[in-house]
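To start, the structure under review is shown below, and the notes come after it.
Note that this is a predicted model, so its numbers are computed, not measured. Just so it is clear: chains get the letters A, B, ... in the order the sequence lines come, proteins before strands, and each one is counted from 1.
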Amino acid sequence: MLKVENLKKTFAKNTPNEHLALDNLSLDVKAGEFITVLGSNGAGKSTLFNAVCGTFLPDGGKIILDGKDITFECEHKRAKSIGRVFQDPMRGTAPNMTIEENLALAYSRKYKGPLSWAIKNKDRDFFRSILSEFGMGLEDRLKTKVGLLSGGQRQVVTLTMCTMVTPKLLLLDEHTAALDPATADKVMEITNDIVKRNNLTTLMITHNMAQALTTGTRTIMLDSGQIIMDVAGAERDKMTIDDVLEMYSQKKKQSFANDRMLLN
Amino acid sequence: MTLWIGSLQLGLLYGIMAIGIYISFRILNIPDLTAEGSFTFGLAVSAIFTVNGHPFLGLIMAIIAGIIAGNVTAFLQTKLFIHPVLAGILTMSGLYSINLWVMGGSSNLSLIGQDTVFKYVQNLSGLDANSVKTILAIISALICVIILILFFKTQLGMCIRAVGDNEAMVSASSINVDRTKFIGFGISNALIALSGGLIAQYQGYADINSGMGILVVGLASVIIGEVFLGKRGVAVGVCSAVLGSVVYRFIIAWATRSNFFPAYMLKLISAIIVALALAIPAIKYYKEIRKIKGGDKNA
Ligand SMILES: Nc1ncnc2c1ncn2[C@@H]1O[C@H](COP(=O)(O)OP(=O)(O)OP(=O)(O)O)[C@@H](O)[C@H]1O
Ligand SMILES: [Mg+2]
């Protein structure tokens, strides 16, 4: 479904702050896979998502989505097939517009001409029915401005917006990070449910290792813009958090040794 | 009485301009200074077409002129990455020359004795000049209000609102932000230029400096309207811009009639009204601080 080949991105090139954020990264995501993405702060996880979404153009490499080379396609065109939930609940919704207006924005862009009514009554019924599945009472607050909702409620709205028109690829960037544990669990449960029901190809960034191993079908770990771990199937099922940590420190030691060799 | 009727007519015609300002300042959330130029652009185009015997076509051309002006500003902003305020100033400044060119190099154009839309309707209906002016002002303002209220309920209208509300979100969704801005600025300046076009035919003359300070007048109208109707959605906002414009003209009529201040003070008064209205949050903030400090002293 998604194929990333030798993706390279250096920020602030030719300055003292030069930073290699993606280092020849390659990744092959099959249709229907649910990949959890681990990695320390600054490993390049969000940068990978940004590259896939077209927030910036990579310095090298290729991005292929569903057989189509999208490396140089502009952001809003790719957005038609990619759903994305940001780490920051403020980013995914328009605060001064109501819940139904936000949902309609996401819903109608695929099916409607620019001069058709944004919200019809049957749309409203549809919004109510999908929101009611979350059991958060949002279905009765369609006319509430999204800016008045809590972070968790906003993430649920964003998640709904991203998935109500089934995307080819769903990207979740620590979308439960800003939420309290109970709400985070709930949103995670909803996420799992949506992904399963629509058989969505998904990448989810998380810092929760237990969650990373138990959710989805495959786990990768990024470090310094490279994939240093990629496990799936039985190997992944056997893995514990300690194994992951062990693997991480081994890789770190290895690269440290390599550096030493270079310096000597 | 004629003074009040006259103010109503002016308020409605300038109200169309106020809707344009409302769209750029309140909906797109971008201060667009193109207004000063596009108002005169519409005025000049409408005047020159009227002089040549095509008053109705003149209004349509004024709308097109406004769309062009708005799109130039949008182009400078989105494609050339020029700061929004500067982009507006550049267009406005360039339009000064264009407007003089449209008016054949003279800074003043008289439409006395020409067939304006007002004269045309007057001849057709047999009503007196003043009634025709009132009726046409009401009809044109009403048409604009209705079209815009409907427009902002469409998919495209909602995209324009979303761009003004959370641009980051919009660019991450599948909406073309740049194109939306072109359309938004086009509509905003089309209204402003149409207002200019109507004013030219209403007054019976076009002056190259008619657009000076028009932005502040428009902002004052928007703010006065919000005092009456509050900030409650786009439909109310569009109506309140027109209402604010009418009230603004009434205030001016009252002030000039009671010799409260001489006419040349108008721009200063408008600027002060706008500055005060925009300062309300700051004033509230200082009051709050004083209350907290005062409370400490008493404790
Ligand atoms: N636009 C940018 N300009 C310059 N540097 C950037 C930019 N975006 C990211 N970086 C740098 O790239 C590196 C990777 O950042 P990224 O946001 O991908 O980290 P992350 O893995 O998502 O971390 P976190 O877990 O903290 O979200 C960081 O060192 C960051 O400073
Ligand atoms: Mg990140």
Side-chain angles (χ1 to χ4, degrees), chain A residues 49-50 52-56 73-98 100-120 123 143 145-147 154 157-158 161-162 164-165 167-168 171 173, chain B residues 22-30 67 74 78-79 81 146-187 190 222 226 230-238 240 281:
Chain A
F49 278 18
N50 285 336
V52 171
C53 290
T55 313
F56 52 72
E73 200 176 43
C74 51
E75 195 177 3
H76 65 91
K77 283 205 183 123
R78 316 180 188 197
K80 283 213 167 83
S81 17
I82 304 175
R84 185 177 191 189
V85 184
F86 293 96
Q87 182 171 356
D88 175 4
M90 301 300 162
R91 276 199 66 174
T93 44
N96 289 309
M97 294 170 71
T98 62
E100 63 176 15
E101 284 168 345
N102 271 281
L103 292 178
L105 208 60
Y107 183 54
S108 54
R109 66 184 184 220
K110 259 217 152 139
Y111 298 123
K112 288 185 180 168
L115 289 181
S116 53
W117 294 133
I119 310 172
K120 295 201 189 95
D123 299 338
K143 305 256 184 228
K145 283 189 181 167
V146 171
R154 285 183 109 180
V157 173
T158 314
M161 286 168 67
C162 290
M164 65 199 305
V165 177
K168 286 181 181 160
L171 301 178
D173 191 346
Chain B
Y22 173 78
I23 291 174
S24 59
F25 272 75
R26 285 285 191 251
I27 296 182
L28 280 170
N29 226 341
I30 298 171
I67 294 176
T78 58
K79 300 298 178 196
F81 307 153
I146 291 174
I147 290 181
L148 282 164
I149 289 179
L150 293 179
F151 173 73
F152 279 108
K153 284 191 193 301
T154 64
Q155 162 72 5
L156 181 59
M158 209 165 58
C159 290
I160 293 177
R161 290 176 54 205
V163 166
D165 202 15
N166 186 354
E167 198 178 317
M169 163 229 181
V170 173
S171 57
S173 58
S174 60
I175 298 164
N176 188 336
V177 176
D178 288 358
R179 203 188 60 192
T180 311
K181 280 190 182 164
F182 271 90
I183 297 169
F185 281 116
I187 293 174
V222 168
E226 281 168 355
K231 288 188 190 176
R232 283 180 302 174
V234 177
V236 176
V238 170
S240 81

Grab the two heavy atoms, one from A/Ala104 and one from B/Met158, that are nearest each other, plus how far apart they are. CB-CE, 3.7 Å

Report which part of A/Arg91 has an atom under 4.5 Å of a heavy atom belonging to chain B: side chain, backbone, both, or neither. both

Rounded distance (nearest 0.5 Å) linking atom CE of A/Met161 with atom CE of B/Met169: 3.5 Å

A/Asn96 CG to B/Arg161 CZ distance, which is reported to the nearest 0.5 Å: 9.0 Å

Report the option among B/Leu156, B/Asp165, B/Asn166 that has the most heavy-atom pairs separated by less than 4.5 Å from atoms of chain A. B/Asp165

Counting only heavy atoms closer than 4.5 Å, note whether A/Thr93 contacts chain B via side chain, backbone, both or neither. backbone

d(B/Asn176 CG, A/Glu75 CD) to nearest 0.5 Å is 10.5 Å

B/Phe152 versus chain A, the contacting section by heavy-atom distance below 4.5 Å: neither

Among the options A/Gly54, A/Cys53, A/Gly92, pick out the one with the most heavy-atom pairs lying under 4.5 Å from chain B. A/Gly92

Do B/Arg179 and A/His76 have side-chain heavy atoms sitting under 4.5 Å apart? no

